[in-house]
A.B. asks: 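Right, I'll just put the structure down here and ask away after.
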Number of protein chains: 2
Amino acid sequence: MSGTLFVISAPSGAGKTSLVKALTEADAGLGVAVSHTTRPARPGEQEGVHYHFVAAERFAAMVAENAFLEHAEVHGNRYGTAREEIARRLARGDDLVLEIDWQGARQVREAHPDTVTVFILPPSRAALENRLRGRGQDSDAVIAARLAAALDEMRHHDEFDYLVINDRFEEALADLQALVRTRRLRHPAQAARHRELLAQLLTSH
Amino acid sequence: MSGTLFVISAPSGAGKTSLVKALTEADAGLGVAVSHTTRPARPGEQEGVHYHFVAAERFAAMVAENAFLEHAEVHGNRYGTAREEIARRLARGDDLVLEIDWQGARQVREAHPDTVTVFILPPSRAALENRLRGRGQDSDAVIAARLAAALDEMRHHDEFDYLVINDRFEEALADLQALVRTRRLRHPAQAARHRELLAQLLTSH
């Protein structure tokens, strides 16, 4: 019985990372796919936990081998999700979350049509701008560029199966949990999980 | 924005009625469709609340007018769900639960292909038989007939979208709540609900 791939996308400033962290930490059957990246590890980041850190040449070779389910370049660094890891973990029955942008979501949807895709929105324009402004240490130009990038991402909201508004964190988290729970209740997966119960219930004697 | 029709079926003894009661009482946006029936009202049952009580002639006329979304005969009494009530309440945006058997579910699915159908199973054969045995006042033949009917119902479990196991009541209730919550998060419904937010977020300035 194969697991489900959940793609979660959002503009920066929507709170996606905190939501995904809370979602996966509270659910042993739901893992996060570890991406490959060419960017250097930051202090505290661990190989194989936060990312697989690889050289640009290795990344390019993997692209050439079609080893990535999706990949993208952001600020000159490359990021990708290895097909093999996803396929192996789904086959084991794990559910997996991928935090990627709308372009990655499109690539994943093509390769895995039964992927569940979710877009997270901030509760207001003011909340979004506030989050993007950060700690007030960035120039107006930097903030304007972030806002433009967020708008660009949000314009693709309608390519996703589900829309979650991150107004209250606990409610948005409960939304994501409901999506995961519902997916596990689908008939074929549940019937496989409860095969013995069904056999026992359906015996006539 | 139209509401969703949820069909919930189960063998007698699976706890469906208590689950649906708890589900709908805790959710103001989720109503129960009131069936028409030819059986006499029992003490405490109210017209228009528990059932629409109608004479056999009236029921037959409604069948002839194709006024029922689904109808069935059980122990010589007829039961049906009026199309008009369902259509009107869904159009108003209400979500609705129908508690019907697999044959009714099949009729509803044909008329409303986007119905969400759920089958509830008891946690074990022993639990099922125990529930069907009731308070020990029925003959073995009556209990055997109930068990046969339950088996007949359960053989159709695989026609449903979702399978819920009523082992612990609170968990089964949370399963049903997740199904309803998930449905409301689907993109077109959410985008319609949050039209102003989307307009505000997507304005470039």
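So you know, we letter chains A, B, ... as the sequences are listed, proteins then strands, and number each from 1.
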A.B. asks: Quick one: what part of B:L198 sits under 4.5 Å from any heavy atom of chain A, side chain, backbone, both or neither?
C.D. replies: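 The side chain, not the backbone.
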A.B. asks: Between A:L163, A:D175, A:V118, which is the residue that forms a side-chain contact (heavy atoms from CB on, under 4.5 Å) with B:L185?
C.D. replies: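 Of A:L163, A:D175, A:V118, side-chain contact (heavy atoms from CB on, under 4.5 Å) with B:L185 is met by A:D175 alone.
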A.B. asks: Crowded around B:R88 CZ? As in, over 12 foreign heavy atoms under 6.0 Å?
C.D. replies: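 Yes.
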A.B. asks: Taking side chain as everything from C-beta outward and backbone as N, CA, C, O, which of these in B:A148 sits under 4.5 Å from a heavy atom of chain A? Side chain, backbone, both or neither.
C.D. replies: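 Neither part; nothing is under 4.5 Å.
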A.B. asks: For A:R125 and B:L201, work out which heavy atoms get closest and say how close.
C.D. replies: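 Answer, listing the atom of A:R125 first, then B:L201: NH1-O, 3.1 Å.
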A.B. asks: Sort out for me which of A:A191, A:S124, A:A126 touches chain B most, counting heavy-atom pairs under 4.5 Å.
C.D. replies: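 Between A:A191, A:S124, A:A126, the count favours A:S124.
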A.B. asks: Which region of A:L197, side chain (C-beta onward) or backbone (N, CA, C, O), has a non-hydrogen atom less than 4.5 Å from a non-hydrogen atom of chain B, or is it both or neither?
C.D. replies: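 For A:L197, the side chain is the part near chain B, not the backbone.
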A.B. asks: What heavy-atom pair brings A:Q190 and B:V164 nearest, and what distance separates the two atoms?
C.D. replies: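 Smallest heavy-atom distance, with atoms named: NE2-CA, 4.3 Å.
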A.B. asks: Which one of A:R184, A:M154, A:E196 has the most heavy-atom pairs closer than 4.5 Å to chain B?
C.D. replies: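 Heavy-atom pair counts peak at A:M154.
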A.B. asks: Does any heavy atom of chain B fall under 4.5 Å from the side chain of A:P123, the backbone, both, or neither of them?
C.D. replies: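 Contact with chain B involves the backbone of A:P123 alone.
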A.B. asks: Near B:D114 CG, under 6.0 Å, is it more than 12 heavy atoms from other residues, nucleotides or ligands?
C.D. replies: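 Yes, enclosed.
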A.B. asks: Go through the steps for B:L121 and A:H194 under the test side-chain contact (heavy atoms from CB on, under 4.5 Å), then give the verdict.
C.D. replies: CA-CA 10 Å; B:L121 287 174; A:H194 296 282; over 6 Å; no
A.B. asks: Within this structure, what is the OH-CZ distance for the pair B:Y162 and A:R183, rounded to the nearest 0.5 Å?
C.D. replies: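 The distance works out to 8.0 Å.
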A.B. asks: Apply side-chain contact (heavy atoms from CB on, under 4.5 Å) to A:L202 and B:H157, showing your working.
C.D. replies: CA-CA 10 Å; A:L202 294 171; B:H157 71 87; 4.0 Å; yes
A.B. asks: Which residue out of B:A144, B:P122, B:P188 racks up the most heavy-atom pairs below 4.5 Å with chain A?
C.D. replies: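 The option with the most such pairs is B:P122.
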A.B. asks: Measuring from atom CZ of A:R193 to atom CD1 of B:I165, what distance do you get when rounded to the nearest 0.5 angstrom?
C.D. replies: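 Result: 9.5 Å between the selected atoms.
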A.B. asks: At their closest point, which heavy atom of A:H187 faces which heavy atom of B:D158, and how far apart are they?
C.D. replies: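 Closest pair (atom of A:H187, atom of B:D158, distance): NE2-CA, 3.3 Å.
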A.B. asks: Which pair of non-hydrogen atoms, one from A:A178 and one from B:R181, has the smallest distance, and what is that distance?
C.D. replies: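 That would be CB-CD, 3.7 Å.
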